[in-house]
Amino acid sequence: GNSVTQMEGPVTLSEEAFLTINCTYTATGYPSLFWYVQYPGEGLQLLLKATKADDKGSNKGFEATYRKETTSFHLEKGSVQVSDSAVYFCARSSSARQLTFGSGTQLTVLP
Amino acid sequence: NAGVTQTPKFQVLKTGQSMTLQCAQDMNHNSMYWYRQDPGMGLRLIYYSASEGTTDKGEVPNGYNVSRLNKREFSLRLESAAPSQTSVYFCASSEGSSSGSTYNEQFFGPGTRLTVL
């Protein structure tokens with residue numbers, strides 16, 4: 001079936017540190033891949049997406065590249081800020097109308 | 001545009017009580033979804049509605065029913081609440097393209113935090 005495996009959290013970093021959150025997906029079909037972010041007390045917001053192999057999604061300094069050969073979509077940011085503290089979810093499309101989510105990774109950035 | 005709205009924001013029920021969670025979207029989206037979020041388990045799909053007039057079970061449908069009232073509104077009903085249904089519930093919507101594309105961004109509401117005692 002379709003599944004997404006995310007790096008276990010929580011992750012705690014100092015401000016301006018480099019961030020990587022690993023994500024791998026099952027290679028069924030030709031999925032689109034997403035990173036969503038959830039700030040405290042809010043719903044999920046789309047952070048970035050990639051719809052085919054070798055695409056790079058980017059937004060707000062975050063990047064992720066769709067790697068078909070390693071079935072990965074790792075999230076990176078070169079210099080995190082306190083305001084990036086949130087829960088990050090990797091997701092893949094399961095069909096034209098459904099998403100399968102990873103378990104989420106809590107990120108805390110300390111000043 | 002308000003996007004996706006949900007009511008109520010918080011609710012406490014006793015075991016066996018019933019309630020309906022409301023969701024509405026103003027983006028003219030075809031597809032709507034109900035998820036529950038539990039610690040360490042990400043989001044799990046309860047039910048979805050690919051288009052007005054249709055509903056289908058997701059990963060965890062037991063104990064729930066849904067109604068797609070019209071294109072804008074999709075409600076989730078708990079007929080007899082159980083403590084295992086304590087969770088945060090999210091409604092989402094997407095365009096639900098019929099073109100066969102696998103890209104379908106979902107837009108989420110702010111959530112309903114439900115506690116069943």
Side-chain angles (χ1 to χ4, degrees), chain A residues 1-11 21 23-53 55 57 59 66 68 73 86-106, chain B residues 2-6 9-10 23 25 27 29-52 54-61 68 74 88-113:
Chain A
N2 299 313
S3 67
V4 175
T5 303
Q6 259 184 261
M7 174 174 148
E8 294 272 337
V11 174
I21 300 178
C23 171
T24 57
Y25 63 94
T26 52
T28 307
Y30 302 95
S32 295
L33 302 173
F34 307 84
W35 277 101
Y36 280 82
V37 59
Q38 183 181 30
Y39 298 104
E42 298 183 12
L44 278 70
Q45 306 172 25
L46 182 67
L47 180 60
L48 53 83
K49 65 182 185 288
T51 58
K52 61 183 187 298
D55 270 2
N59 185 26
Y66 190 143
K68 190 176 179 184
F73 192 55
V87 181
Y88 292 81
F89 292 91
C90 186
R92 60 155 284 165
S93 59
S94 301
S95 68
R97 298 181 176 89
Q98 293 187 44
L99 296 177
T100 299
F101 289 87
S103 57
T105 302
Q106 172 77 56
Chain B
V4 179
T5 56
Q6 291 183 239
K9 283 188 168 45
F10 301 94
C23 173
Q25 52 90 9
M27 296 173 281
H29 283 168
N30 291 308
S31 299
M32 298 185 73
Y33 311 82
W34 276 106
Y35 293 92
R36 59 178 290 171
Q37 183 180 30
D38 301 294
M41 302 187 75
L43 273 74
R44 293 182 292 169
L45 183 65
I46 304 171
Y47 270 93
Y48 67 101
S49 171
S51 61
E52 187 179 357
T54 69
T55 60
D56 286 287
K57 295 178 180 179
E59 182 184 355
V60 289
R68 183 76 182 266
F74 188 40
V88 182
Y89 291 85
F90 288 100
C91 178
S93 70
S94 69
E95 288 186 14
S97 169
S98 59
S99 68
S101 167
T102 57
Y103 165 54
N104 237 295
E105 176 183 353
Q106 293 186 12
F107 296 80
F108 284 79
T112 295
R113 188 173 294 275

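Reminder, nothing fancy here: chain letters follow the sequence lines and each chain counts from 1.
A:Val4 has its side chain out of reach of A:Phe89: every pair of non-hydrogen atoms, C-beta onward, lies at least 4.5 Å apart.
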Pair B:Tyr33-B:Ser94, side chain to side chain donor-acceptor pair (under 3.5 Å): steps then yes or no: CA-CA 9 Å; B:Tyr33 311 82; B:Ser94 69; 2.9 Å; yes
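When heavy atoms are compared at a cutoff of 4.5 Å, B:Leu43 approaches chain A by way of both its backbone and its side chain. Neither the backbone nor the side chain of A:Gln106 comes within contact range of chain B; no heavy atoms are under 4.5 Å apart. Only the side chain of B:Gln37 has a heavy atom closer than 4.5 Å to any heavy atom of chain A.
The one candidate from B:Tyr89, B:Phe90, B:Phe108 that meets the ring-ring contact (aromatic ring centres under 6.0 Å, His included) condition with B:Tyr35 is B:Phe108.
The main-chain N or O of A:Tyr39 is never found under 3.5 Å from a side-chain atom of A:Gln45 such that the two would form a donor-acceptor pair.
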